[in-house]
There are 4 protein chains.
Amino acid sequence: MPEAPDTEEQAGPAQPRRRQARGERRIAQLLEAAAGVFCRSGYTAASTNAIAREAGVSPGTLYQFFPNKEAIAVELGGRLMQRWRETHGAAFDAIDPSLPLDELLDSVLDPLIEFNCENPAFAVLMHGSEIPGRITEEHDAVHSALLERVERILGDFLPDAAPAELSRIANMTFSSVKGGLELILAHEGTERDAYKVELKTMVQRYLGPLVDAAPEPADARTHTP
Amino acid sequence: MPEAPDTEEQAGPAQPRRRQARGERRIAQLLEAAAGVFCRSGYTAASTNAIAREAGVSPGTLYQFFPNKEAIAVELGGRLMQRWRETHGAAFDAIDPSLPLDELLDSVLDPLIEFNCENPAFAVLMHGSEIPGRITEEHDAVHSALLERVERILGDFLPDAAPAELSRIANMTFSSVKGGLELILAHEGTERDAYKVELKTMVQRYLGPLVDAAPEPADARTHTP
Amino acid sequence: MPEAPDTEEQAGPAQPRRRQARGERRIAQLLEAAAGVFCRSGYTAASTNAIAREAGVSPGTLYQFFPNKEAIAVELGGRLMQRWRETHGAAFDAIDPSLPLDELLDSVLDPLIEFNCENPAFAVLMHGSEIPGRITEEHDAVHSALLERVERILGDFLPDAAPAELSRIANMTFSSVKGGLELILAHEGTERDAYKVELKTMVQRYLGPLVDAAPEPADARTHTP
Amino acid sequence: MPEAPDTEEQAGPAQPRRRQARGERRIAQLLEAAAGVFCRSGYTAASTNAIAREAGVSPGTLYQFFPNKEAIAVELGGRLMQRWRETHGAAFDAIDPSLPLDELLDSVLDPLIEFNCENPAFAVLMHGSEIPGRITEEHDAVHSALLERVERILGDFLPDAAPAELSRIANMTFSSVKGGLELILAHEGTERDAYKVELKTMVQRYLGPLVDAAPEPADARTHTP
DNA sequence: GATGAATGAGGATTCATTCAT
DNA sequence: TATGAATGAATCCTCATTCAT
């Protein structure tokens, strides 16, 4: 994707094509820089000048591609979501609700954890517009998209749950996962691995009874035999 | 801390206090204003001028009582912790480990939830120095104090757990509680109540197996039969 | 002087007397504090709050005795000049112009040096209103008084010199002495002593030829024959 | 120092300079403004806003080129020293120690005086960090560089002097010259000229005996036999 | 497009000074 | 008197954003 060998076409669309190629690189550069700065300082404390500096371009250049600071976060979130969907989206869409919960959670959480470790900015954006006035809610792509996805998955398992209850459970689950991811990212090595396990354990325990109680009256027993 | 009266008089603290009465009121006023602004904008985006304005005083007055912005957060955290201890600390210190988990959690979480609903800034400060360089860790009284308390309580239940494991479980629990509190605060009325229940359920499910497995080989059964 | 045992008189002048006694102590306290702060930070960077703090009183109290910051410097200068006059003024007024120059300089510079070492603020104020707009010239008691004194002494030695020339020589001499005093104060121990000697040597060499050439037709040899 | 172009291009410094031309002009403008403000108010009382205003730019522009107030003084000092070296440095390095003292002093002091009259800020910066905490010593380029130069020149004349003595004499000389320059700048027209002569006379008289007594066993007469 | 200069409002903080008690 | 609270303009400096080249 970053390499579009821009064949010299006639006249009209040639220039834009070349431009867009260079522009794409710039944008990617800027977003990568933004990811770093957001992680280090948080959205509010991150300065567009710092992002431009980190990207090795001038402030003016940054504003040639983004109308303002928020747009950077929005676009970064959009791209990370996109990358997430490309990498793990298929698996997500094809979740098999008949799987035992622990396997299902593994199939969901393992990629999510891995993706967050590789893209720590994802976690930052995942938290969404905690503070009103920062990133407008409707612009908070990552948070709402993931939450919706969680809700949908849960809906498959709990078809009888009222929408409000579903939303509540999804929010609760997602909130815990976000917290767990933060802890995971805050640690390293074996400690990090232990937190990964712990997060999955927690989610399993939380959702286990719900799932067990609901569709399949299987002989599901405790999750840590 | 903001006031060191150091009068070389002999008398008690009565005389010097009269002068400070106004100041004490101002401090309370400023902290209340800070609580509001912190809740609305978060620590980073909160401006001392905004706090002063909200308190109805000039910027200079604010700095008569606090040396800088962080000190405001620290003092606010300190006061909230103090209030928390005064209101619910005794109950916390006297937790009866022989209680069934759900009762124990009620005795811990109900007050915590109530306190957060009454003091929403508590939740803000509870999150601690998410971003390195904001509020210094050692100054992050609320977060570390509560985390330590959680760890201690858990230690009573899991005397055989390794320290690292204990810390992990405490962090995980605390993280989830923080997330849950955020959700509670983000909702109102019956929805808020439902979230309260949900949070307790989640913590119960997470800790239940740990506790059951540990000291008392009682006939404890799952909590959602 | 600081101790006026205020005997209880009738009515009218009793109160003021007592007040003045306490006030005198306060003023002395404040001026001493100001001396310290001026030495440490210079006049511009010295804050009235810092002076009050150093004096152990409140800002309000300071302004009960001085209308503004400049007045503090002016009064401090006045008092130091007063002390200077009381201690060494007599000797100065009774300078014997028939003395050989080196003895005369000793009789002038030795006390001046000693006084400056004991009252470092004197040197600070001696420099006068280097910067227009700080301490108004007419308020710069120390500088102008000392300069005038130097001029008068020199006038005794050089009765034939034109006023402008006299003023020039006085300024030059005074300027060098100020510089030398700064160096003296900047050093300690034997190095300080060496600077004392050096300063006197310099002044002697500067004034020697002038004095020699003037009243007494001695066998003075000049360095620029 | 304020500009690190770091273009990864191959070309010479021609291209990158074109962009900086405006900036270079701004820097010069700002430094000129700073020189004026420093002269009028002194370093401490000079405000960056005042400098920006004097330069006809906004505060932000100033900070695009200088990280803080001290850096302005440092750069100004550096440029003035540079200009000084370019204009008179060669003559200084090629001082002929066999010259008679008065000619030598002329060759040193005349340019110095002239340079100070043309660049009054030089005198301000020459005084160095009189007050601890203002301009850090190591940043006080003008003062230390000139003092060192004086010391070196004197060293040529007094090869047998102990280092401490040399330093003392250099300090004394430099201090007097600074004082004299101040007086020169404080006057105008013929009075200024007269002060110029007076300063040279004073230095000559101070150093004459030292020099005479040292290398050339001339028939020098000292005033303190 | 790219650059870096420019902006000016705003942020934290200080300070001389005044006021209420 | 003395205190300490109060003020608000001014300080240094930053930042999102715009402009000229």
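Letters go in sequence order (proteins before strands), and every chain restarts at 1.
When the C1' atom of F:dA5 is taken as reference, atom CD of B:Gln29 falls 12 Å away, rounded to whole Å. D:Leu62 has its CG atom 11 Å from the P atom of E:dT7, to the nearest Å. Between the CZ atom of B:Arg26 and the P atom of F:dT3 there is a distance of 21 Å, rounded to whole Å. Remark: P of E:dA5 and CG of D:Leu30 are 11 Å apart, rounded to the nearest angstrom. Atom CD in A:Glu24 sits roughly 14 Å away from atom C1' in E:dG1 (whole-Å rounding). For the pair C:Ile27 CD1 and F:dA2 C1', the interatomic distance rounds to 14 Å; values are reported in whole Å. The interatomic distance linking D:Phe66 (CZ) with E:dG4 (C1') rounds to 16 Å, in whole Å. Put simply, CZ on B:Arg22 is 11 Å from P on F:dG4, counting in whole angstrom units.
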Distance-only check: which donor-acceptor pairs under 3.5 Å involve side-chain atoms of residues 49-56 of chain D, not counting sequence neighbours?
{"residue": "D:Glu54", "atom": "OE1", "partner": "D:Arg40", "partner atom": "NH2", "Å": "2.6"}
{"residue": "D:Glu54", "atom": "OE2", "partner": "D:Arg40", "partner atom": "NH2", "Å": "2.7"}

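Residues meeting the side chain to side chain contact (heavy atoms under 4.5 Å, CB included) test with D:Gln82, sequence neighbours left out: D:Arg85, D:Glu86. Listed by chain and residue number, D:Arg26, D:Val57 satisfy the side chain to side chain contact (heavy atoms under 4.5 Å, CB included) test with D:Gln29 (two or more places apart in sequence, or in another chain). The side chain to side chain contact (heavy atoms under 4.5 Å, CB included) check on A:Ala71 picks up A:Phe66, A:Pro67, A:Asn68, with sequence neighbours excluded. Remark: A:Gln64 pairs with no residue by the side chain to side chain contact (heavy atoms under 4.5 Å, CB included) rule, at least two apart or across chains. Partners of D:Ser58 according to the side-chain hydrogen bond (donor to acceptor under 3.5 Å, both in side chains) rule, which considers only residues two or more places apart in sequence or in another chain, are D:Thr61.
Taking a cutoff of 4.0 Å between a charged side-chain nitrogen and a carboxylate oxygen, D:Glu24 and D:Arg79 qualify as a salt bridge.
Counting only Watson-Crick or G-U wobble pairs whose defining distances are both under 3.5 Å, the stems of 3 or more consecutive pairs in DNA chain F are E:2-21 with F:2-21.
Listed by first and then second residue, the salt bridge (Lys or Arg N to Asp or Glu O under 4.0 Å) pairs involving residues 41-50 of chain B amount to none (not counting sequence neighbours).
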| request: Take A:Tyr43 and A:Leu125, measure what side-chain contact (heavy atoms from CB on, under 4.5 Å) needs, and give me the verdict at the end. | output: CA-CA 9 Å; A:Tyr43 174 77; A:Leu125 295 172; 6.0 Å; no
| task | Could you encode protein contacts along nucleotides 13-18 of chain E as a string, one character per nucleotide from 5' to 3', using B for base contact, S for sugar-phosphate-only contact and - for no contact, with a heavy-atom cut-off of under 4.0 Å? | result | BBBBBB
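Relative to the side chain of D:Ser58, the nucleotides E:dA6, F:dA6, F:dA2 differ in distance, and E:dA6 lies closest.
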